[in-house]
Structure formats: C-alpha cells, structure tokens
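Take a look at the structure below.
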Amino acid sequence: NAASSEDLEELEELLLLENFQSMNEQIQETVNSDLVPFFINGNSNALAAVVEKVQPSFDRANDIRAELADTYTVHKGQALSRQIEAREFASDVMWVSILLFVGLGLGVAAISTRKLVLPVKRATDASLLIARGDLSQRVEIKGNDELAAFGRSFNDMADSLERQAT
C-alpha cells in the first residue's frame with residue numbers, strides 16, 4: 001500500500017513536470033508568434049492581446065512551479081530524515097561493536113592474565129616457604145609451555161636444595 005502511494009506521488013510529479021513543460025512551450029510559441037512581431041512592427045494594440053493570451057499560461061506555469069517546489073521540499077526533507085536515521089543506526093551499530101570488542105578484549109585479557117599470573121604467584125609462595133625452611137614445597141605443573149618449563153626448573157631446584165639439606 002505504501003509502495004502504491006509512493007508510485008502515485010511519483011506519477012503526480014511527472015504529470016506536473018509535463019504540464020510545466022507544456023505551459024512553457026505554449027508561452028514560448030505565443031511569444032515567438034505574437035510578441036516578436038509586435039517588436040518588429042511596433043503595433044501597441046498587439047501587446048495587450050499578447051499579454052492577455054500569455055497571462056493564463058504564465059499563471060498556470062507559476063502555480064505548477066510552486067507545486068514542484070513544494071514537492072521538492074517534501075522529498076528533500078524525507079531524504080534528509082532517511083539519511084539521519086541511517087547515520088543514527090550506523091552510529092548505534094558502531095557503539096555496540098566497540099563495546100562488544102572491548103568486552104571481548106577484556107575477557108581475553110583477564111583469562112590470559114590469570115593463566116600467566118596464577119602459576120607465577122604459586123611459585124612465589126612456594127619459594128617463600130622454601131626460604132623459611134620448608135624444603136618439601138613444589139609447584140603444580142600443567143601443560144608444556146614456558147610456565148611449565150619454569151615450574152619444572154623450580155621443582156628441580158627445590159629437589160636439589162632438599163637433597164643438599166639431608
């Protein structure tokens with residue numbers, strides 16, 4: 001239904017444009033056929049007749065011009081409204097995307113930090129206990145990465161200290 005109403009409006013605009021062109025052509029024909037000879041012949045009676053003949057077409061052309069200007073203003077306003085809506089939607093999508101990626105980044109950072117900091121904290125706690133004399137302390141080793149290699153080295157060091165102490 002909205003599409004047919006838009007089609008009807010577009011058809012009305014096309015008819016207005018055709019009427020406007022027709023009025024302009026009529027005015028131009030009248031000027032060429034009646035007004036130009038007036039200037040050539042200098043017949044003052046002919047001027048009033050030409051003005052009287054052209055005036056209705058000229059008035060109708062002005063009315064059509066005003067209607068076209070109104071239609072243009074309405075369409076321009078609608079286009080600007082759609083443009084504003086599109087920009088607001090794009091802005092909303094952008095902010096949601098930014099927040100989503102920031103949240104995702106914080107989540108990944110928190111998990112990565114926890115995986116890195118927790119084993120180092122456990123090794124620090126175990127080293128403090130070893131320094132106080134508890135040579136039985138060891139760290140739990142998970143995986144095969146650099147932190148696991150660090151944990152194995154720490155446990156080897158603790159084993160070595162424990163053997164030397166006994």
Side-chain angles (χ1 to χ4, degrees), residues 1-29 31 57-166:
N1 202 4
S4 63
S5 133
E6 289 177 6
D7 292 341
L8 186 62
E9 287 178 11
E10 189 174 317
L11 184 60
E12 288 173 357
E13 289 171 15
L14 288 174
L15 288 174
L16 277 175
L17 283 171
E18 287 177 9
N19 284 337
F20 185 72
Q21 285 178 323
S22 174
M23 290 293 121
N24 278 334
E25 288 170 5
Q26 286 177 2
I27 292 169
Q28 188 172 3
E29 286 176 22
V31 166
S57 297
F58 186 73
D59 291 342
R60 179 64 185 137
N62 277 336
D63 292 343
I64 293 171
R65 187 178 300 123
E67 287 181 50
L68 287 171
D70 291 344
T71 302
Y72 171 77
T73 303
V74 167
H75 286 306
K76 184 178 178 183
Q78 290 171 347
L80 289 173
S81 293
R82 285 192 299 271
Q83 187 178 30
I84 289 169
E85 289 172 6
R87 284 183 180 170
E88 288 173 351
F89 176 75
S91 177
D92 291 346
V93 167
M94 180 189 68
W95 281 111
V96 166
S97 298
I98 288 171
L99 292 175
L100 181 69
F101 284 116
V102 165
L104 185 63
L106 289 174
V108 167
I111 291 170
S112 298
T113 301
R114 182 173 169 83
K115 282 188 95 176
L116 179 67
V117 171
L118 194 57
V120 172
K121 182 181 178 336
R122 288 184 181 149
T124 302
D125 292 343
S127 67
L128 289 173
L129 290 172
I130 289 172
R132 291 188 187 139
D134 183 1
L135 298 178
S136 67
Q137 289 298 312
R138 303 293 183 269
V139 293
E140 184 180 342
I141 299 171
K142 293 180 183 176
N144 250 349
D145 58 3
E146 290 80 9
L147 287 174
F150 171 70
R152 280 190 290 280
S153 296
F154 183 87
N155 287 342
D156 290 345
M157 178 193 67
D159 289 339
S160 176
L161 285 174
E162 192 173 28
R163 277 193 306 273
Q164 288 175 8
T166 55

Pair up each side-chain donor or acceptor in residues 76-92 with any protein partner under 3.5 Å, not counting sequence neighbours, and list the distances.
residue, atom, partner, partner atom, Å
Gln78, OE1, His75, ND1, 3.4
Ser81, OG, Gly77, O, 3.0

Report summary line: Glu25 meets the salt bridge (Lys or Arg N to Asp or Glu O under 4.0 Å) criterion, sequence neighbours left out, with none
Query raised in the report: Which residues satisfy the side-chain contact (heavy atoms from CB on, under 4.5 Å) test with Asp125, sequence neighbours excluded?
Result: Lys121
Could you pull out every donor-acceptor pair under 3.5 Å between side chains of residues 151-163 and any protein atom, sequence neighbours left out?
residue, atom, partner, partner atom, Å
Ser153, OG, Ala149, O, 3.1
Asn155, OD1, Val139, N, 2.8
Asn155, ND2, Val139, O, 2.9
Asp159, OD1, Arg138, NE, 2.8
Asp159, OD1, Arg138, NH2, 2.6
Glu162, OE1, Arg138, NH2, 2.6

Query raised in the report: What's the shortest heavy-atom distance between Gly143 and Ala148, and which atoms?
Result: O-CB, 3.3 Å
Report summary line: Distance col, row Asn19:CG vs Glu67:CD, nearest 0.5 angstrom, shows 9.0 Å
Query - Residues forming a side-chain contact (heavy atoms from CB on, under 4.5 Å) with Glu18, sequence neighbours excluded - result: Leu15
Query - Residues in side-chain contact (heavy atoms from CB on, under 4.5 Å) contact with Gln137, at least two apart in sequence or another chain - result: Ala126, Leu129, Ile130, Asp134
Query - Partners passing side-chain contact (heavy atoms from CB on, under 4.5 Å) against Asp63 (at least two apart in sequence or in another chain) - result: Arg60
Query raised in the report: Between CD1 of Ile141 and CZ of Arg122, what distance do you get to the nearest 0.5 Å?
Result: 12.5 Å
Enumerate donor-acceptor pairs with a distance under 3.5 Å from any side-chain N or O in residues 95-116 to protein atoms, sequence neighbours excluded.
residue, atom, partner, partner atom, Å
Ser97, OG, Val93, O, 2.9
Ser112, OG, Val108, O, 2.9
Thr113, OG1, Ala109, O, 2.7

Requested in this report: Taking side chain to side chain donor-acceptor pair (under 3.5 Å) as the test, write out the residues that go with Arg65, two or more places apart.
Outcome: Asn62
